[in-house]
There are 2 protein chains.
Amino acid sequence: EDVPVCGVAIDLNESRITISGVPDTRGVAAGLVGAIAERNINIDTIVQSFPHQGTADMSLVVKDRDLREALEACEAAASELGAGEVSWEEEIARVSAVGKGMVAHEGIAARMCTALGDEGINIKMITTSEISISVVVDSAAGERALRAVHKAFGLVHLPKATAVT
Amino acid sequence: EDVPVCGVAIDLNESRITISGVPDTRGVAAGLVGAIAERNINIDTIVQSFPHQGTADMSLVVKDRDLREALEACEAAASELGAGEVSWEEEIARVSAVGKGMVAHEGIAARMCTALGDEGINIKMITTSEISISVVVDSAAGERALRAVHKAFGLVHLPKATAVT
Ligand SMILES: C[C@@H](O)[C@H](N)C(=O)O
Ligand SMILES: C[C@@H](O)[C@H](N)C(=O)O
């Protein structure tokens with residue numbers, strides 16, 4: 001069976017910030033994202049799911065070294081824009097499966113989530129794109145998660161070679 | 001100023017499904033995603049943000065033609081796994097900015113969100129990857145959103161050439 005996943009990587013040097021209760025009004029997302037951008041902080045991932053009863057949650061993944069400054073920007077912007085609380089977490093690991101032909105996407109996402117669930121690992125965040133699926137887990141589970149996903153896709157686990165930074 | 005966005009596309013043939021109150025317990029995401037995968041339904045995008053007070057929301061973007069079957073799968077799985085309500089929406093447009101060098105990511109996301117906000121367009125979902133930023137808006141705002149994002153990145157708006165399906 002041809003599995004179009006050609007690599008799995010882990011990033012242990014990231015943190016997440018979640019802004020809850022982001023008002024579902026135009027221009028608010030722009031205000032939040034803009035506040036970070038103007039400090040030249042690199043945002044690895046932005047996730048905002050569909051609003052529910054007038055608000056949405058927005059999560060950002062940034063490098064650990066940028067967490068403090070990103071938090072300052074988020075807290076100021078959240079307060080100004082009427083968003084809710086800002087929470088964060090440093091001890092996360094982001095595991096990404098990358099593939100050229102992720103057309104059979106749903107099978108790959110299911111396989112990745114199942115591999116983690118079977119290993120007893122709790123999934124904290126999921127995002128997909130045409131060429132990758134990223135899952136966030138606790139950093140303590142990172143190495144085990146990487147191995148489980150490698151195994152699920154029949155790839156060789158080479159910790160030094162595949163770890164990202 | 002070198003802007004690494006080389007194209008903007010719109011997809012008007014997609015629908016979203018949101019499962020609220022997904023229990024934050026290992027194996028649950030696998031159950032939901034697996035239920036769709038085993039029906040061979042292509043999932044365009046999976047988004048699950050960080051859990052809050054024991055549950056998370058998961059949203060899926062699928063092709064309009066697959067909505068009914070995807071919903072059946074989601075409702076059955078949600079009920080079995082103790083998740084909350086399943087909501088959906090057909091009238092969405094997904095606008096994606098794609099670029100080779102999205103290293104200056106945060107500036108691009110900010111520019112895209114700002115362009116939409118300034119145009120009076122409400123953002124319903126945001127996801128980013130290394131090479132793209134996707135935003136979901138109401139389908140009625142789709143064409144205007146596409147134009148606004150083209151303009152924001154100094155690209156020529158060619159409706160026929162750039163519309164995706
Ligand atoms: C929630 C947030 O995305 C809002 N809808 C906006 O457009 O800015
Ligand atoms: C919420 C959902 O992702 C759950 N944490 C799981 O691992 O399946």
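Convention: sequence-line order gives letters A, B, ...; per-chain numbering from 1. Source: prediction; values computed, not measured. Note that these values count all heavy atoms, side chains included, but never hydrogens, waters or copies made by symmetry.
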Can you tell me how far [atom2] of [Y] sits from [atom1] of [X], rounded to the nearest 0.5 angstrom?
X: A/Ile133; Y: B/Thr45; atom1: CD1; atom2: OG1; value: 11.0 Å
X: A/Thr25; Y: B/Asn122; atom1: OG1; atom2: CG; value: 7.0 Å
X: A/Ser129; Y: B/Asp44; atom1: OG; atom2: CG; value: 11.0 Å
X: A/Thr128; Y: B/Leu60; atom1: OG1; atom2: CG; value: 9.0 Å
X: A/Met58; Y: B/Ile123; atom1: CE; atom2: CD1; value: 7.5 Å

Can you say whether B/Val136 sits under 4.5 Å from chain A via the side chain, the backbone, both, or neither, judging by heavy atoms?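 The side chain, not the backbone.
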Side chain, backbone, both or neither of A/Thr114 within contact of chain B (heavy atoms, under 4.5 Å):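 Both parts, heavy atoms under 4.5 Å.
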Starting from [Y], can I reach [X] by hopping between I/L/V/M/F/W/Y residues whose side chains sit under 4.5 Å apart?
X: A/Ile41; Y: A/Val61; answer: no
X: A/Val86; Y: B/Ile126; answer: yes
X: A/Val95; Y: A/Val5; answer: yes

Looking only at non-hydrogen atoms, find the nearest pair between A/Ala110 and B/Gly34 and report the distance.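 Closest approach of A/Ala110 to B/Gly34: CB-CA, 3.8 Å.
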B/Gln48 versus A/Met125, closest heavy-atom pair with distance: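 So the minimum-distance heavy-atom pair works out to O-CG, 3.1 Å.
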Does B/Arg68, at its CZ atom, have more than 12 non-hydrogen atoms belonging to other residues, nucleotides or ligands within less than 6.0 Å?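 No, CZ of B/Arg68 has 12 or fewer neighbouring heavy atoms, counting only those of other groups under 6.0 Å.
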Return yes when atom CZ of B/Arg65 has more than 12 non-hydrogen atoms of other residues, nucleotides or ligands closer than 6.0 Å, and no otherwise.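 Count not over threshold, so no.
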Please lay out, stage by stage, how B/Val47 and A/Phe50 fare under the test side chain to side chain contact (heavy atoms under 4.5 Å, CB included). CA-CA 9 Å; B/Val47 176; A/Phe50 287 88; over 6 Å; no
Could you tell me whether the side chain of A/Ser59 and the main chain of B/Ser49 form a donor-acceptor pair under 3.5 Å?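 Not a single qualifying donor-acceptor pair exists.
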Check for a donor-acceptor pair, side chain of A/Arg26 on one end and backbone N or O of B/Ile121 on the other, with a separation under 3.5 Å.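 No.
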